[in-house]
Amino acid sequence: MKRFTAIAASLILGLSVSAKDDARLLNAIGDVETGHLRNPRGAIGKAGERGRYQMKPEAWKEANAVLASASRPPCDWSHWKDSVVQDVMAAAYLSALRSRLASAGYANPTPAQLALAWNVGPTAAISRRLVLNDYARRVNNIYFATR
């Protein structure tokens with residue numbers, strides 16, 4: 001079953017022009033990251049990534065910076081298992097990625113380009129000029145299949 005609490009997170013935070021599109025993108029990222037695990041909230045990746053969206057501590061920190069700039073309270077890393085917290089942090093991190101890409105000259109990144117930045121990090125995505133990898137293509141396919 002698809003989760004769309006990311007829509008609420010995006011709307012509450014006021015982070016996106018299109019919360020519905022962001023929720024679709026985050027759901028596609030979650031599907032690629034944790035697939036159909038029985039309990040994706042408890043997922044821990046090989047490099048320490050956590051939850052449905054497989055966020056690393058560095059991404060969590062960037063998401064908290066976005067929350068702070070929106071005068072929202074931070075979310076402690078120890079709460080990563082909470083699905084609502086995961087959605088809020090994922091929505092905030094997506095906003096951070098957009099900002100990082102925009103500051104590098106990519107004002108309107110596509111869902112696939114955002115997925116690439118999610119996967120390899122914004123610095124690496126920019127250094128490779130947002131050339132897509134397999135991960136970004138898979139997320140993109142899921143994103144457009146759910147229109």
Side-chain angles (χ1 to χ4, degrees), residues 1-37 40-41 43-72 74-75 77 79-80 82-147:
M1 179 167 84
K2 299 278 185 196
R3 292 178 352 165
F4 287 96
T5 55
I7 293 173
S10 293
L11 288 172
I12 289 167
L13 295 170
L15 296 175
S16 173
V17 173
S18 177
K20 184 177 177 183
D21 287 343
D22 280 1
R24 283 183 31 235
L25 178 55
L26 290 173
N27 279 317
I29 288 170
D31 285 353
V32 171
E33 290 290 358
T34 55
H36 300 288
L37 287 179
R41 290 181 302 222
I44 299 177
K46 293 176 188 172
E49 310 91 347
R50 304 287 167 102
R52 174 167 167 73
Y53 307 104
Q54 292 291 280
M55 291 180 70
K56 293 182 180 178
E58 299 81 21
W60 200 269
K61 287 178 189 172
E62 283 194 57
N64 268 323
V66 170
L67 293 177
S69 71
S71 299
R72 304 287 181 191
C75 294
W77 178 250
H79 298 286
W80 70 267
D82 184 303
S83 62
V84 174
V85 170
Q86 287 182 32
D87 289 339
V88 167
M89 297 307 280
Y93 184 57
L94 187 59
S95 177
L97 290 177
R98 272 199 179 90
S99 294
R100 295 272 302 271
L101 294 178
S103 68
Y106 300 99
N108 295 305
T110 67
Q113 291 169 330
L114 287 165
L116 174 70
W118 190 283
N119 179 241
V120 301
T123 302
I126 292 163
S127 72
R128 59 171 69 175
R129 296 186 179 136
L130 301 186
V131 173
L132 303 181
N133 61 10
D134 183 58
Y135 173 95
R137 286 186 199 94
R138 287 184 293 149
V139 169
N140 197 55
N141 288 340
I142 295 168
Y143 174 84
F144 282 104
T146 58
R147 276 197 144 177

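Just so it is clear, the structure is predicted and the values come from calculations on it, not from any experiment.
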Any heavy-atom pair between the side chains of W80 and I44 that's under 4.5 Å?
yes
Does W118 reach the main-chain N or O of Y53 with its side chain, forming a donor-acceptor pair under 3.5 Å?
yes
Heavy-atom pair with the smallest gap, counting every atom of K56 and A47
CE-CB, 4.4 Å
Residues passing the side chain to side chain contact (heavy atoms under 4.5 Å, CB included) test with A136, sequence neighbours excluded, are A115, L116, L132, N133
Is the number of heavy atoms from other residues, nucleotides or ligands within 6.0 Å of CG (D134) greater than 12?
yes
What's the shortest heavy-atom distance between V85 and C75, and which atoms?
CG1-CB, 3.9 Å
Side-chain contact test, heavy atoms from C-beta onward, threshold under 4.5 Å: evaluate it for R129 versus Y106 and give yes or no.
yes
Given side chains that start at C-beta, do those of V88 and H79 come closer than 4.5 Å, heavy atoms only?
no
Is R52 reaching over with its side chain to a backbone N or O of N27, donor-acceptor style, under 3.5 angstrom?
yes
Restricting to non-hydrogen atoms, name the atom on A125 and the atom on A117 that form the minimum distance, rounded to 0.1 Å.
CB-CA, 3.8 Å
Residue that, paired with L114, satisfies side chain to side chain contact (heavy atoms under 4.5 Å, CB included) out of L97, V139, N119
L97
Nearest heavy-atom contact between A96 and E62 is CB-OE1, 3.9 Å
Considering only heavy atoms from C-beta outward, does the side chain of T123 approach that of R100 to under 4.5 Å?
yes
So R98 and L94, do their side chains get closer than 4.5 Å, heavy atoms only?
yes
Between D21 and R24, does a salt bridge (Lys or Arg N to Asp or Glu O under 4.0 Å) hold up when you go through it step by step?
CA-CA 5 Å; D21 287 343; R24 283 183 31 235; 3.0 Å; yes
Gap between atom CG of D82 and atom CE of M89 - 0.5 Å precision:
11.5 Å
Would you call E49 and E33 a side-chain contact if the rule is heavy atoms closer than 4.5 Å?
no
Is a side-chain N or O of S95 found less than 3.5 angstrom from the main chain of A91, in a donor-acceptor match?
no
Filter on ring pair (Phe, Tyr, Trp, His ring centres under 6.0 Å), then keep only pairs touching residues 127-147, sequence neighbours left out; what's left?
none
Side chains of P74 and L67, heavy atoms from C-beta outward: is any pair under 4.5 Å?
no
